[in-house]
Amino acid sequence: MAKIRRYKAYLEILPVVSILLFVFVVGIFGAFIQSLGYFPIIGMKELSFKFYLKIFKDTNFLKSLFFTLYITAISSIVSVSLGILIARAITELENNNIVKNKKIDIFYKVPIVVPHIAVALFAITFLSDSGVLARILHAIGFENAQKIFSNVLFSSSGAGIILSYIWKETPYVLLSTLSILRKISIKHEMAARNLGASRMYAFFKITLPMLLPTIISTFTIVFSFSFGSYEIPMLLGSTVPKTLPVQAFIEYQNPMLTDRPLAMAINMIIIFFCLVFVLLFNYVIKSLILGRKVGK
């Protein structure tokens, strides 16, 4: 009976998880088969890796790959850094009884529930060359305001995509980090301060190491999601280069069905990279946890 009670929760969600897992596995397997050129509805029945070879020989694909890695890495690193710093500032205010939990939480929880397509519309409204910020700057005397904001959206720098990701992802990192910081006792950090350590030194040497597993796991989720995200790069990205998800969608819409395996091959490459990132960061987390246990 004790064993049944222990696994009761898992047994209750097993039917739903089984259905989702079946759809997930079948979808990936079907995409992989098509990426090998098996598309019998149009007479393609030969399995080969020629579409993968074709993709990696295409300079546009390589540009898309590096562009995707670039905007994903920058936005993820900045989001995680900002999330940690803001979470630290909030806990300082709470410990000094300057603010209360419920009053401050509303500010970072709202962006989490906003859909990505709405974030893209906000970016167009505020960051475009004819947007709200450009008009405000022009009104107060910045004559080249329109030119400045013309390089933010729809540019090859990916600035608009990065800013949108940061606005959307930072609150998630903040929520994850803040929940841990509120549970961690500050007595160790306070002891270091009493011994002469500065506030920043005590945080980076004492509190931050305790947060590392949470930080890396959050970074993994944010990085993987941004790498495979479609809406914001599609709406705010430049014509060239495009991110991999956008490139895959364009290939999928190609009226030439013989090129459909190209889209599936790009999708499989996206899945492969996300899987590698997850395994790599998971290995780092386990190494940190084991290192801390050995140190104790």
Side-chain angles (χ1 to χ4, degrees), residues 4 6-58 60-62 64-65 67-69 71-72 76 112-113 115-117 120 165 168-169 172 216-235 237 242-283 285-286:
I4 295 177
R6 182 184 302 177
Y7 297 106
K8 182 179 179 181
Y10 298 101
L11 293 174
E12 289 176 348
I13 64 173
L14 183 60
V16 177
V17 173
S18 300
I19 295 174
L20 294 176
L21 186 62
F22 174 77
V23 174
F24 180 73
V25 171
V26 170
I28 292 180
F29 180 76
F32 177 67
I33 291 299
Q34 281 196 23
S35 70
L36 296 178
Y38 186 78
F39 203 9
I41 194 173
I42 58 172
M44 298 175 63
K45 298 182 180 181
E46 181 182 353
L47 298 178
S48 68
F49 288 95
K50 64 179 181 181
F51 292 100
Y52 287 94
L53 296 175
K54 182 178 180 180
I55 285 174
F56 281 103
K57 289 180 180 179
D58 186 3
N60 289 328
F61 168 79
L62 296 177
S64 295
L65 175 60
F67 181 66
T68 306
L69 288 171
I71 63 173
T72 302
S76 300
I112 295 177
V113 300
H116 279 75
I117 190 169
Y165 278 156
K168 179 66 177 173
E169 294 166 354
Y172 171 73
I216 296 177
S217 62
T218 306
F219 180 84
T220 303
I221 295 172
V222 169
F223 191 98
S224 300
F225 181 83
S226 300
F227 191 85
S229 184
Y230 164 79
E231 302 97 326
I232 289 179
M234 181 65 179
L235 295 173
K242 298 182 182 296
T243 61
L244 289 183
V246 175
Q247 190 65 39
F249 181 74
I250 292 174
E251 293 293 346
Y252 186 84
Q253 284 188 317
N254 193 328
M256 296 293 294
L257 294 180
T258 52
D259 287 338
R260 180 68 58 84
L262 285 174
M264 297 304 172
I266 295 175
N267 285 328
M268 294 309 301
I269 292 171
I270 294 172
I271 294 173
F272 172 78
F273 270 93
C274 290
L275 182 61
V276 169
F277 295 141
V278 170
L279 293 175
L280 176 62
F281 296 141
N282 187 54
Y283 172 78
I285 293 173
K286 289 183 178 180

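By convention here, the first residue in the shown sequence is residue 1. Reckoned from all heavy atoms, side chains included, excluding hydrogens, waters and symmetry mates. Everything quoted here is computed from the prediction, not taken from an experiment.
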Which atoms form the tightest heavy-atom contact between Gly37 and Met44, and what is the distance?
O-CB, 3.3 Å
How long is the gap from OH on Tyr230 to CD1 on Ile117, to the nearest 0.5 Å?
9.5 Å
Does Ser76 use its side chain to pair, donor to acceptor, with the backbone of Phe219 at less than 3.5 Å?
no
Any side-chain donor near an acceptor of the partner, Tyr52 and Ser35, under 3.5 Å:
yes
Look up atom OH in Tyr172 and atom CD1 in Ile112, then write down how far apart they are to the nearest 0.5 Å.
9.0 Å
Under the side-chain contact (heavy atoms from CB on, under 4.5 Å) criterion, do Lys45 and Tyr38 qualify, and how do the steps go?
CA-CA 5 Å; Lys45 298 182 180 181; Tyr38 186 78; 4.2 Å; yes
Rounded to the nearest 0.5 Å, what's the gap from CZ on Phe61 to CD on Glu251? Could you check?
10.5 Å
Classify the angle between the aromatic ring planes of Phe223 and Phe277 as parallel (below 30°), tilted (30 to 60°) or perpendicular (above 60°).
perpendicular
4.5 Å side-chain heavy-atom contact, Lys54 and Asp259
yes
Starting at CG of Asp58, measure out to CD1 of Ile266 and round the result to the nearest 0.5 Å.
8.5 Å
Please evaluate residues Leu244 and Phe67 with respect to the criterion side-chain contact (heavy atoms from CB on, under 4.5 Å), reporting the C-alpha separation (whole Å), side-chain torsions for both, the decisive distance (0.1 Å), and the verdict.
CA-CA 9 Å; Leu244 289 183; Phe67 181 66; over 6 Å; no
Would you call Val278 and Ser224 a side-chain contact if the rule is heavy atoms closer than 4.5 Å?
yes
To the nearest 0.5 Å, what is the distance between OG (Ser226) and CG (Leu69)?
12.0 Å
Can you tell if the side chain of Lys242 reaches within under 4.5 Å of the side chain of Pro233, non-hydrogen atoms only?
no
What one should report as the nearest heavy-atom pair of Glu169 and Val222 is OE1-CG1, 3.1 Å
side-chain contact (heavy atoms from CB on, under 4.5 Å), that's the test. Do Ile269 and Phe56 meet it? Break it down for me.
CA-CA 10 Å; Ile269 292 171; Phe56 281 103; 3.8 Å; yes
Contact summary for Pro245 and Ile270, nearest pair of heavy atoms
N-CD1, 3.7 Å
In Å and rounded to the nearest 0.5 Å, what is the CD to CZ distance from Gln34 to Phe51?
10.5 Å
Geometric cation-pi criterion, Arg260 with Phe39: 6.0 Å, 45°:
no
Pair Phe273, Thr68 - check side-chain contact (heavy atoms from CB on, under 4.5 Å), show working.
CA-CA 11 Å; Phe273 270 93; Thr68 306; over 6 Å; no
Is the number of heavy atoms from other residues, nucleotides or ligands under 6.0 Å of Leu53 CG greater than 12?
yes
Would you say Ile42 has more than 12 foreign heavy atoms packed within less than 6.0 Å of its CD1?
yes
